[in-house]
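Values reported hereafter were calculated over all heavy atoms of this structure, with side chains retained and with hydrogens, waters and symmetry mates removed. Below, read A as the first sequence line, B as the second, and so on, with proteins coming before strands; counting in each chain starts at 1.
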Amino acid sequence: MRIGIAEDSALFREGLQMQLARLGLDVVIAAGTGDELLAAADVKPIDAAILDVVMPPTFTDEGLRTAERLAARHPTVGILLLSQYDELAYAARLFDDGAGRRGYLLKDRVDNAEALRDALQRICRGESVIDDTLIGRLLAHQRHLSKLDCLTETEQTVLRHMAEGRSNSGIAAITKFAEKTVEATISRIFAKLDITGAPDDNRRVLAVLAWLRGSSLRPYQA
Amino acid sequence: MFLSGARAAGPHRWPRLLVLYCAICPPAALLIGVAFWPMWRDRPLLALGSVVLSMALLSAGILLLDEPGQQSSAIMLLGSSVLLAAGWLNIWRVGPLPLVSVPASPAGTILAAWAMFCYPNSPHERRAGNRFFLTMLGCILAGLAFCIAVSRSQWYSFPGQAWWPTLYANHGLFTAASGAVDLTGIGFAVAYMLLWITRWRGARGISRALAQPVAVAASITCAITIVELGAGIADVSGRVMDDIYTVEAFFQIGVPAAFVVSVLRRRFARTRIIDLLMHLRGPARATSITEALRNVFEDPALEIVDWAPGTLPRGGYAAAHPPQAPEPAGPPHAARSLEPSYAAGGGRVPLPITSSSGEQLAVIMADPSLPVSDDLVRAAVAASSFALENAQLESALADQLQEVRESRLRIIQAGVAERRRLERDLHDGTQQRLLALKIMLAAAESDTTDDQSRAIIGRIRSELAQVIDELRDLAHGIHPAALGQVGLEQAIKSMAERYPIPIDVDLPAGRFGEAAELTAYYLIAESITNAIKHARARRIRVRGAKSGGWLRITVSDDGGGGANAAAGSGISGIIDRVRGIGGEADIESPAGRGTQVRARIPCA
């Protein structure tokens, strides 16, 4: 897998490169800004790009802007956004167009080689990835509010994987259920929680997240 | 100061005046009524006219006696009242009474004329006129004395037994002398008229308005006197002469009446000055004070100029006109003497307005005809000084308040900028480095085969993860950077998701500008923390709406209440912050009935 990186902190970039190399992944671009990565990606084909959200020159949402431009130029390239802010509104903007191959990971998770490899692989398979610590926090909050009491333990597990952006087959693989069982469980969850939207649509991750957040998950527009 | 120097109009003056009236007028009326006894029978109309004239002059004199600066006019009027009454003592035809009556009547008329001309001038302005009147009085009295000395009482139609100091009786000389006296009288009367015309021409505005009734009365009296003197020269019969005297007496009643009207006008004007200046609509400005003074002095050209640039309140006259006041001659107190010789260019008299502390505030450029030492003018100057000083203080206070507000806003903005910089330094520097270290530690951990080293590295990794978390929280506390990215609604929702109790967030989705969002964010965060930590709330509602440039936020909970915004508490700091950017916030927290924090924040 050929990877491109855009990260302004040299030390973190170095650490990330090291981690990717250890995973046997080929870092073909290591850029300090989004523009640099975009220019390089036109010349060197990549399978996935890892982008820091906050980069120069604006230090606001350079990563997201780069992701949008990259997706427009190279639709098949998977995009993994790294953020220090556990803000789901960033993720909402990333997943807004319903296309797969997108991931939102907290920088804290990069030291976990397995999590990084898993995220990159899923993205390249066309799945969505949302950092499971964010999903875990949302589920814990909902559990506190007793909103998940109507779901069985199996359903809660499937809900969690669905919120992390996994596909039906991905959920089946991780839970060791038959894919048919997963599909049926998802339909039950949607009915019980009254979530609107197709259960197997790529947009369902947004619908599930919106439900978990208590109805509103607006992608922010700077 | 001016007001204490001038005798202020007060209710205590009227009872004193009334007592004076009651003490003098009835006995005087009785005395004159009895003194005119023979006349009541022969010429009742003349008697009535004369009694009424004397009483009216007496009353006007008493009234004027209480007018500040008008004592000499008052005494002249009182004197004229007595003299004009004494002029009719000849009807008793015995003893010295006919003799006394001869000079009394003309002297009384001259005194009345003098009193009219004096009014309402200052002693200074009177000086020039006084010479004329003393000359007139001297000439007429000397002429009359000469006539008496060369005549017998019978030539005046008095009985022979009346006292008469004849020195050398000569009928031809007497006729010529009394004709000359009458002619001189006519000459003086004409000169008096000319004096009035000159004065009238020089007077403008309020001085003309105040002198007007007296001027009319003076003209009429003058004309009647000329007719009377002319009749004397023409030697008309005693009967016709009596008719002329009757008409004269009634016309002369106009003199005291004119004084009463003038006094009332003055009092009205004084009240108006105080009213206008003390009840200036809205905050007093140099322009509004100028307008009020123009009204009071009936002088549309009146101006107020700034004594020192910037002294007058903002938006006032001085803003549009450069100061042009003359330099004060000598110390400030000398400038207050208000002498006409101090007149500046443009034929205007400068009246300095000083503050209660003696500081020069401004200068009224008044018409030179304005009786500057008059109590009326002093009252106006004093009132202007109060109004101007008041306006100045008000304007200075408003300026200071504005300055304080602006500086508070600047301090807050500087604080925000500094915190934003600090957060970015932590985010882009320290945190990135720590995160990189964490990755490298993970690599080291997996590469190490030694179990003990692995355990140590693992421990360091988890400690480092905690350090990063703590640092992230610290950075977020310093400045919520994501707020600027995701907006108030999403940022508050993310915050709400970190608490184990339901926090119902209903905020508008738009953007409101950094200052408003940051302030609202801190307000909501602090309210939620308080509700959970101190009030043990189990449910919190965050409501918000934008209307008319304001972001209105309400945070309510079902906790124990009893929170207060005492200085030093977290919420008081937040309320200060809201006020600092021009908003308003309050907290309502009755014990046991929950807490409600409301804020109104100016937003984009």
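Among the candidates A:K107, A:E87, A:K147, A:R22, the residue making the largest number of heavy-atom pairs closer than 4.5 Å to chain B is A:R22.
Listed by chain and number, the residues in a ring pair (Phe, Tyr, Trp, His ring centres under 6.0 Å) with B:H534 amount to none (sequence neighbours excluded).
The distance from atom CG of B:L474 to atom CD of B:Q431, rounded to the nearest 0.5 Å, is 9.0 Å.
Contacts between A:T58 and chain B at a heavy-atom distance below 4.5 Å involve the backbone alone (N, CA, C, O). A:E7 touches chain B through its side chain: at least one heavy atom from C-beta onward sits under 4.5 Å away, while N, CA, C and O do not. Neither the backbone nor the side chain of B:A475 has a heavy atom closer than 4.5 Å to any heavy atom of chain A. Neither the backbone nor the side chain of B:L441 comes within contact range of chain A; no heavy atom of the residue lies under 4.5 Å from a heavy atom of that chain.
Residues of residues 465-473 of chain B lying under 4.5 angstrom from chain A, judged on non-hydrogen atoms, are B:I468, B:D469, B:R472 in numerical order.
Taking the six-membered ring for Trp, A:F59 and B:H427 have ring centres at least 6.0 Å apart.
In summary, A:D86 and B:R498 engage in a salt bridge, as defined by a charged side-chain N under 4.0 Å from a carboxylate O. A salt bridge is defined here as a Lys NZ or Arg NE, NH1 or NH2 lying under 4.0 Å from an Asp or Glu carboxylate O, and A:D131 with A:R137 fails to meet this definition.
In this structure, A:Y90 and A:Y104 have parallel ring planes: the angle between them is below the 30° cut-off, well short of the 60° mark.
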Discussion item. Does B:Q432 form a side-chain hydrogen bond (donor to acceptor under 3.5 Å, both in side chains) with A:Q84? I'd like the steps, not just the answer.
Written reply: CA-CA 9 Å; B:Q432 305 293 332; A:Q84 239 165 293; 2.4 Å; yes
Worksheet entry | Criterion side chain to side chain contact (heavy atoms under 4.5 Å, CB included) on B:T595 and B:E588, from CA distance to verdict | CA-CA 6 Å; B:T595 301; B:E588 203 179 296; over 6 Å; no
